[in-house]
Amino acid sequence: MSTTEKELRHDVALANRIIERFGLATGFGHASARVPGTNTFYISTRRSPGFADENDLLLIDNDGKVLSGNGQPNSEFWIHARIYAARPEVNGVVHAHPLACVSLTQIGQPHRVVHNMGGAFLDGVPEYERIGLIRSRELGDEVAQSLSTRPAVMMRGHGITTAFSNVRAATVAACFLEESAELQMRMLAAAGGDASKIRAFTREEAELVRDQTGPDAAARGRAWEYYAAVAAARPIGG
Ligand SMILES: [Zn+2]
């Protein structure tokens, strides 16, 4: 295994532990990374992402075949497999069940850019309306179609999936999206449920903050460093 692949496995395990430690997932949820230039990706086994271990990952291909590793993949691995198949430029995918994002889907409120960290989502976050788990290739293809060329999709009554150029950015984006949705929910409540009172950013404002705080840049800098440090310092049972 190359050094790069070892680093990739380290990042995948850490990304999984981050989404659990930061409340985006509990027993369920998963982060993955494509082996660059291939149709294969590393993903955690069928346990809470909080237990993910870089020496205990599975290598799967876009057709769902397990190529190496021990154990069963998470039942929703098709989300990852079919997004990698549809989006050659995507090398990192995170699927989680964060509460504020799920809440937005269930009150029919589309995501809006309401603070600096939401800028990456200025083109809108599409919704995948069908409820239930994504346990087949066909449903994985449906989610990938809903996502289209965007960086994230909300899944009604279920969760979110983010797709970026690397797993660090996908992880930071998932955290930013939930932070954004949480703020939007608070603003909506403070506004008495009147969404028109929320001063959502204009496109120009959103572009400005996207350039300043976008997950690709944040993943290279202090956002990933912070999330990684917290996850490492507070492991499950630690
Ligand atoms: Zn799920």
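Numbering of residues begins at 1 and proceeds along the displayed sequence. Order of listing sets the numbers, starting from 1, for every ligand and every atom in it.
- Ion pair R9/E5 not flagged as a salt bridge, since none of the NZ, NE, NH1 or NH2 atoms sits closer than 4.0 Å to an Asp/Glu carboxylate oxygen.
- Under the rule for a salt bridge (charged side-chain N to carboxylate O under 4.0 Å, His left out), D56 has no partner lying at least two apart in sequence or in another chain.
- Protein N/O/S atoms found under 2.8 Å from the Zn ion (ligand 1), listed by chain and residue number: E76 OE1, H95 NE2, H97 NE2, H158 NE2.
- At a threshold of 4.0 Å, the pair R168-D11 counts as salt-bridged, since one of the basic side-chain nitrogens sits closer than that to a carboxylate oxygen.
- The side-chain heavy atoms of W78 and L139, taken from C-beta on, include no pair separated by under 4.5 Å.
- A donor-acceptor pair under 3.5 Å is absent between the side-chain atoms of S32 and the main chain of I43, judged by distance alone.
- The environment of CZ in F22 is crowded: more than 12 heavy-atom neighbours from other residues, nucleotides or ligands sit within 6.0 Å.
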